[in-house]
Amino acid sequence: MNLRATYLESDGLELARLLRSGELAPTEAVECAAAIASDLNGDLNAIVYSDFERAAAAASEAVAAGGPFAGVPYLLKDLYAAADGLPMTNGSRLFAGNVPDHDSEMVRRYRQAGLLIAGRSASPEFGLTTSTESAIFGQTRNPWNLEHVAGGSSGGAAAAVAAGIVPSAHASDGGGSIRIPASCCGLFGLKPSRARVSLAPDAGEGWAGLSVQHCVSRTVRDSAALLDAVAGPVPGDPYAAPAPERPFLDEVGRESGRLRIALTVRAFNGAEVHLSCVAAAEEAARLCLELGHDVEEAAPDIDAAALGNATRLIVGANIRATVAERSEALGRKAREEELEPLTWAMAAVGEEHDSAAYVRATRTVHAVCRQVAAFFSGGYDVLLSPTMAAPPARLGVLSLSNRGDDYLPALLQTIGFTQLMNVAGNPAASVPLGWTDSGGGLPIGVQLAAPVGGEGLLLRLASQLERSRPWTSRKPPCSAWGES
């Protein structure tokens, strides 16, 4: 057996099977991940903290204990995912030296599933932008083209998975931060319904319910099985997602029936949509028609200006609170030079508005939730669109240190289709079906969104698309498959 080839050909579930059967020794998967990271991370800057030695030391016990992912290496995002003894800076100089003394509930469940926590992937400061660039760690690069962004804020995770370092990795999503990196790097990325994955014990919700946790992966089934591993509330959570009908993994390959699919290629925030992104969504719509589904043009009608103002205030207030809490822990005020310019500006937004303005912002968000719910209640099963309104940008444009006029238009293009589903709490997935050039180029994702609680429906449709248009055979130039 060629160990490296076997590792690269296998998704997480297959690696766990090989480890359980004894076809791979307990430490071999994590050793492969460490070797590939050593080869590639200098180019990609996807991993900011390595913990492969501790992961290897835990491998034998994990494989013996069993679990769906026993012995499989996994990366946690460097953002609000506490793991005992593993540094977590949240992509910020303000949090330099921060080391959690406990596991979050999600991380505890990851370990229970047998995953070996092998380090942290890069994130921009507080997950505030859609490129993974930070003053503390530098730029994370796209394995398909090193001059372009890997997306954000889970860009380190996406770059590591796309390059073959790990088969899947933890990611989080407050405005598109799972789906955008998945789109940029040619991966599957599912944002679950609001509160599907508990944030205990450190939070009840993220960004007033906009932010959720899950992963990016190469295969649909890994995403489904990882969601099975961590989904479900704990006592004290403020609310919970609707209970699934069956295990999420059982949805993969299950017949979806004839779906009524709405298609839109108009960004909800009015951002200009690149022709290649339009083409990817329209081609996906044609594929859905070929598969027996009904497709028609339709979309919720949203007041983009009001929603933009509301989410900006909510995020700004949350950033302000994070900075204040860290200042308390340090025993001093945060200094402006410890935060990137656009982060400092967002914290100022939170300080400039009073509590009544925050309440009005949440009311605006709740009204949009009802509008989106009414759209799906009108008979649509799925809303199909581009994931992003533009292909992956060049590095630098979306940096939180970019004070130029090109930042905001680029940001609006990245979140023009994704952010609405964070606001509404609906599950949504990016499926890697498009490319800027049929002979190569950069990946372009297509977004599928469903009613709240509809992850099973999305997994059924996504696995149907995966069978019809397989994507794992396409490999980026800067990857472990030896094409660089």
Side-chain angles (χ1 to χ4, degrees), residues 1-38 40-41 46-47 49-77 81 83 86 103 106-121 154 156-171 187-190 197 213-231 247-249 252 472 479-481:
M1 177 189 291
N2 183 321
L3 176 58
R4 188 181 177 101
T6 299
Y7 179 79
L8 292 171
E9 289 166 5
S10 304
D11 66 1
L13 287 172
E14 174 62 9
L15 283 175
R17 186 195 69 77
L18 293 169
L19 288 158
R20 282 195 304 271
S21 69
E23 294 171 74
L24 291 181
T27 61
E28 286 187 320
V30 72
E31 287 168 355
C32 276
I36 295 168
S38 178
L40 296 177
N41 200 52
I47 300 172
Y49 291 107
S50 293
D51 206 15
F52 290 105
E53 288 188 10
R54 265 207 307 175
S60 294
E61 184 177 346
V63 173
F69 291 97
V72 177
Y74 197 67
L75 298 171
L76 295 177
K77 184 178 176 180
L86 185 64
D103 285 348
M106 178 188 67
V107 171
R108 187 192 71 79
R109 294 181 184 185
Y110 279 147
R111 295 193 200 275
Q112 193 173 43
L115 289 164
L116 301 174
I117 306 302
R120 286 201 183 273
S121 65
S154 307
V161 174
I165 297 173
V166 287
S168 60
H170 164 246
L187 302 173
F188 180 70
L190 171 66
V197 179
Q213 307 274 332
H214 188 32
C215 74
V216 289
S217 62
R218 291 200 292 269
T219 65
V220 174
R221 71 173 196 157
D222 265 6
S223 183
L226 282 163
L227 194 55
D228 281 327
V230 297
F248 294 114
L249 185 57
V252 178
T472 56
S479 72
W481 287 274

- Message: Given 3.5 Å as the limit, does a donor-acceptor pair link the side chain of D51 with the main chain of L86, or not?
- Response: no
- Item | Inter-residue atom distance H170.NE2 - S154.OG, 0.5 Å rounding | 7.0 Å
- Query: What are the two closest non-hydrogen atoms of P167 and P73, and how far apart are they?
  - Reply: CD-O, 4.3 Å
- Smallest heavy-atom separation, A46 atom then A160 atom, equals CB-N, 3.9 Å
- Here the pair of heavy atoms bringing L3 nearest to C32 is CG-SG, 3.6 Å
- Query: Got a sec: does the CD of E23 have more than 12 other heavy atoms crowding it under 6.0 Å?
  - Reply: yes
- Kindly compute the distance separating CG (L187) from OG1 (T472), expressed to the nearest 0.5 Å. 11.0 Å
- Message: Can you tell me how far apart OG (S479) and CD1 (I36) are? Round to the nearest 0.5 Å.
- Response: 9.0 Å
- Which value, rounded to the nearest 0.5 Å, describes the distance between L13 atom CG and L226 atom CG? 7.5 Å
- Message: Between V161 and L75, is the side chain to side chain contact (heavy atoms under 4.5 Å, CB included) condition met? List the steps.
- Response: CA-CA 9 Å; V161 174; L75 298 171; over 6 Å; no
- What pair of heavy atoms forms the shortest contact from G114 to A62, and how long is it? O-CB, 3.9 Å
- Query: Can you name the nearest heavy-atom pair linking S217 to S168, along with the distance?
  - Reply: CB-CB, 3.8 Å
- Between F69 and the options L15, L116, D222, the side chain to side chain contact (heavy atoms under 4.5 Å, CB included) test singles out D222
- Message: Using 0.5 Å steps for rounding, measure from the OH atom of Y49 to the CG atom of L76.
- Response: 13.5 Å
- Is a side-chain N or O of D228 found less than 3.5 angstrom from the main chain of P247, in a donor-acceptor match? no
- Task: Any chance you could measure N2, atom CG, to E9, atom CD, to the nearest 0.5 Å?
- Result: 8.0 Å
- Worked verdict on T27 versus V63 for side chain to side chain contact (heavy atoms under 4.5 Å, CB included): CA-CA 9 Å; T27 61; V63 173; over 6 Å; no
- Query: Have D11 and T219 got a donor and an acceptor in their side chains that come within less than 3.5 Å?
  - Reply: yes
- Please check if the side chain of N41 supplies one atom and the backbone of I47 the other of a donor-acceptor pair under 3.5 Å. yes
- Steps toward side chain to side chain contact (heavy atoms under 4.5 Å, CB included) verdict (V72, V166): CA-CA 8 Å; V72 177; V166 287; over 6 Å; no
- Can you check ring-ring contact (aromatic ring centres under 6.0 Å, His included) on Y74 and Y110, steps first, answer last? CA-CA 9 Å; Y74 197 67; Y110 279 147; 4.7 Å; yes
- Message: Treating R54 as the side-chain partner and G119 as the backbone partner, does any N or O pair qualify as donor plus acceptor under 3.5 Å?
- Response: no
- Query: Can you check whether I165's main-chain N or O pairs, donor with acceptor, with Y7's side chain at less than 3.5 Å?
  - Reply: yes
- Item | Minimum heavy-atom distance between A81 and M106, given as atom pair plus value | CB-CE, 4.0 Å
